[in-house]
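Below, chain A is the first sequence line, B the second, and so on; all start at residue 1. None of these values were measured; they are calculated from a predicted model.
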Number of protein chains: 2
Amino acid sequence: METQEIRNAGLKVTLPRVKILEILEKQGEDRHLSAEKVYKILLAEGEEIGLATVYRVLTQFEAAGLVERHHFEGGNSIFELNTGSHHDHVVCIKCGKVDEFTDEIIEKRQLEIAERLGYNLTEHSLYLYGYCADCKNL
Amino acid sequence: METQEIRNAGLKVTLPRVKILEILEKQGEDRHLSAEKVYKILLAEGEEIGLATVYRVLTQFEAAGLVERHHFEGGNSIFELNTGSHHDHVVCIKCGKVDEFTDEIIEKRQLEIAERLGYNLTEHSLYLYGYCADCKNL
DNA sequence: CTGCCTGCAAAATTTTTGCAGGGCC
DNA sequence: GGCCCTGCAAAAATTTTGCAGGCAG
């Protein structure tokens, strides 16, 4: 399973890569992880993998299209397994919870706007920030 | 002019603050500057202002609502004078040109989506990336 | 005068890179 | 054996902070 994805990316199947991919696929509540977070999970699982390797592997996965990198507010990068279906994000500014959504209307408008301004749209990022249902009442 | 804005922000009117505000108001083609860029402009004008001060002042201006801080792809923060009218951005991934736009339909959809997901929307960022008219044909 | 400001240097944070050793094919 | 891969430590890049002196009000 993972081994094939890694091979398809033109990378050797090694322990760090398999482990990191596994963590990203363990898509529980948290599909959106920082490199630091991935690193800590690895440590917690008793793996001896360096933070530099985590960054290297995530960057390689990103180049291969396996993973997407986001820049939410707060400085550091957040990584997410690429599910193949594009979506945007809502981030809770209190607890950090992340929800996903897609909206055809917004997608279409973006293309129209880019075209109107003379741009050849290749990518976009849309992040909504606010208080989630749980944090709203605190 | 600028002095009043600074005073209204509850800050003392000092040379660095006036100078930085002036640079941001010199809204030629480039209204979108990194701290580093502002610093270099100051140096080019012969001012003896430290980079740390540039960051401090920009952060204060941001807190006062005078300035907006953006996180385009590429790591560093970009600052822009707050004109009072909200807008989103299109960024050329080749030459770095920035265009602005607003779209009522997108704005409305964002609110609806946030509400549907239970979020109390406080902020959002929408960046489109692509090749601008000039870079498209290179 | 008093307290906010500033420049400088050092620290903090996040991410990248160099290098020497190891393992896969 | 050759080459890709990894851990470690050092380097980079960006932003923040501590401190001692200065200036606005």
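At a threshold of 4.5 Å between non-hydrogen side-chain atoms, the residues B:I93 and A:Y119 do not count as touching.
Ring centers of B:H124 and B:H86: under 6.0 Å apart, within the cut-off. Checked against a 6.0 Å centroid threshold, the rings of A:F72 and A:H89 count as neighbours.
Taking atom CD of residue B:E48 and atom P of nucleotide C:dC5, one finds them 21 Å apart after rounding to whole Å. Between the CD1 atom of B:I20 and the C1' atom of C:dG7 there is a distance of 13 Å, rounded to whole Å. Put simply, CG on B:L33 is 13 Å from P on D:dT15, counting in whole angstrom units.
The main-chain N or O of B:Y129 is found under 3.5 Å from a side-chain atom of A:T122 such that the two form a donor-acceptor pair. Formation of a donor-acceptor pair under 3.5 Å by the A:T53 side chain with backbone atoms of A:I49 is not found in this model.
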Fill in the blank from the handout: For nucleotides 20-25 of chain D, 5' to 3', base contacts (B), sugar-phosphate-only contacts (S) and non-contacts (-) with protein non-hydrogen atoms under 4.0 Å give ----BS

Handout entry: Sugar-phosphate or base contact per nucleotide [nucleotides 10-16 of chain C; S, B, -; heavy atom under 4.0 Å]
Key = ----SBB

Practice task
Verify side-chain hydrogen bond (donor to acceptor under 3.5 Å, both in side chains) between B:E80 and B:H70, making sure each step is shown before the conclusion.
Solution key: CA-CA 8 Å; B:E80 159 190 28; B:H70 298 292; 2.7 Å; yes

Practice task
Carefully, step by step, assess B:E68 and B:H87 under the rule side-chain hydrogen bond (donor to acceptor under 3.5 Å, both in side chains).
Solution key: CA-CA 11 Å; B:E68 280 184 12; B:H87 55 256; 5.3 Å; no

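With distances taken from any side-chain atom of B:T53 to the nucleotides C:dC5, C:dG7, D:dC5, the minimum falls on C:dG7.
The residue A:I49 sits close only to the backbone: its heavy atoms come under 4.0 Å of sugar-phosphate atoms, none of a base.
When all heavy atoms of A:C92 and A:C132 are compared, the closest pair comes out as SG-N, 3.4 Å.
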